[in-house]
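First comes the structure, then the notes that go with it.
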Amino acid sequence: MRLTKDFTLKELCVTKTGIHNEPNAIQTEALRELALNVLQPARDAIGVIRVTSGFRNPRVNAASGGSRSSQHMKGEAADLQCEDNAALFNFIKTLEFDQLIWEFGDKEQPDWVHVSFAKKNRKEVLKAIKKNGVTKYVKF
């Protein structure tokens, strides 16, 4: 099923866990909104973008170490990588989004970019860091 001209539902549901991972109709619609409003514009501007994690059902989310309140389980979030993750992050900042996270990395490049899109977007920009082995989110 095609969500936009370049994104398919399958691409947004890939998992390395081996666990069946299929969204329901509400989650599929949320994925479509994420793809239409964030992912497709980013791909049009940046070029090749890999979705490393999109929709996660609760079992996949737990196996992936995701938060119990992860927007991935609602179909509202994706983790992305490309040749220049910083450029991707900065482009997405110009769009409408709920949460945008510079995931680890250094001052030049995040390891990956997390983005979510919801019905009511907070436009929250954060940076993920490890402190004493625990992930913390700080304002970017």
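Quick caveat, the model's predicted, so the values are computed rather than measured. In what follows, every heavy atom counts, from backbone to side chain, and hydrogens, waters and symmetry copies are set aside.
Closest of all the heavy-atom pairs between Ala118 and Gln71 is CB-NE2, 4.1 Å. Across all their heavy atoms, Asp98 and Arg122 have their closest contact at OD2-NH2, 2.8 Å. Residues Phe89 and Val125 approach most closely at CZ-CG1, 3.6 Å, considering heavy atoms. Across all non-hydrogen atoms, the minimal contact from Ala35 to Phe7 is CB-CB, 4.3 Å. Considering every non-hydrogen atom in both Ala42 and Ile92, the closest pair reads CB-CG1, 4.4 Å. In terms of heavy-atom proximity, His72 sits nearest to Gly54 at ND1-O, 2.7 Å.
Side chain of Ser70 to main chain of Ser67: no donor-acceptor pair is present (N/O by atom type, distance under 3.5 Å, no hydrogens or angles). The backbone N or O of Phe117 lies less than 3.5 Å from no partner atom in the side chain of Asn121, so there is not a single donor-acceptor pair. Although no hydrogens or angles enter the test, the distance criterion places no donor-acceptor pair under 3.5 Å between the side chain of Asn61 and the main chain of Arg56. Without hydrogens or angle criteria, Thr52 side chain to Asp79 main chain gives a donor-acceptor distance under 3.5 Å. A donor-acceptor pair under 3.5 Å is absent between the side-chain atoms of Arg59 and the main chain of Ala62, judged by distance alone. No donor-acceptor distance shorter than 3.5 angstrom exists from the side chain of Asn132 to the backbone of Val134, with no hydrogens or angles considered. Proximity of a side-chain donor or acceptor of Gln27 to a complementary backbone N or O of Asn24 within less than 3.5 Å is detected.
Using a 4.5 Å cut-off on side-chain heavy atoms (C-beta onward), Leu39 and Ile49 make no contact. Contact check for Asp111 versus Asn85: no side-chain heavy atoms found under the 4.5 Å cut-off. Side-chain contact between Lys123 and Phe97 is present, with at least one heavy-atom pair separated by less than 4.5 Å. At least one side-chain heavy atom of Leu31 sits under 4.5 Å from a side-chain heavy atom of Cys13. Residues Thr135 and Phe104 meet the side-chain proximity criterion, which asks for heavy atoms closer than 4.5 Å. Side-chain contact check for Gln99 versus Leu126: some heavy-atom pair is nearer than 4.5 Å. By the 4.5 Å heavy-atom criterion applied to side chains, Arg32 and Met1 are counted as neighbours.
Under a hydrophobic-cluster definition in which Ile, Leu, Val, Met, Phe, Trp and Tyr are linked whenever side-chain heavy atoms come within less than 4.5 Å, directly or via other members, Ile46 and Val115 are assigned to the same cluster. When the side chains of ILVMFWY residues are joined at heavy-atom separations under 4.5 Å, either directly or via intervening members, Phe55 and Leu9 end up in a single hydrophobic cluster.
Taking CE of Met73 as the start and CG of Asn57 as the end, the distance is 9.5 Å to the nearest 0.5 Å. Put simply, CD on Glu22 and NZ on Lys10 are 12.0 Å apart, with the number rounded to the nearest 0.5 Å. Here the OG1-CG distance, from Thr4 to Leu12, works out to 8.0 Å after rounding to the nearest 0.5 Å. Here CG of Asn37 is found 8.5 Å from CG of Leu95. Values are rounded to the nearest 0.5 Å. Here OG of Ser53 is found 8.5 Å from CG of Asn21. Values are rounded to the nearest 0.5 Å. Of the inter-residue distances, the one linking Gln81 atom CD with Trp112 atom CH2 reads 8.0 Å to the nearest 0.5 angstrom.
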Exercise for the section: Step by step, work out the side chain to side chain donor-acceptor pair (under 3.5 Å) result for Gln40 and Asp44. Expected result: CA-CA 6 Å; Gln40 187 64 55; Asp44 289 344; 2.8 Å; yes
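Asp84 and Gln109 share a donor-acceptor pair across their side chains, judged by distance under 3.5 Å alone.
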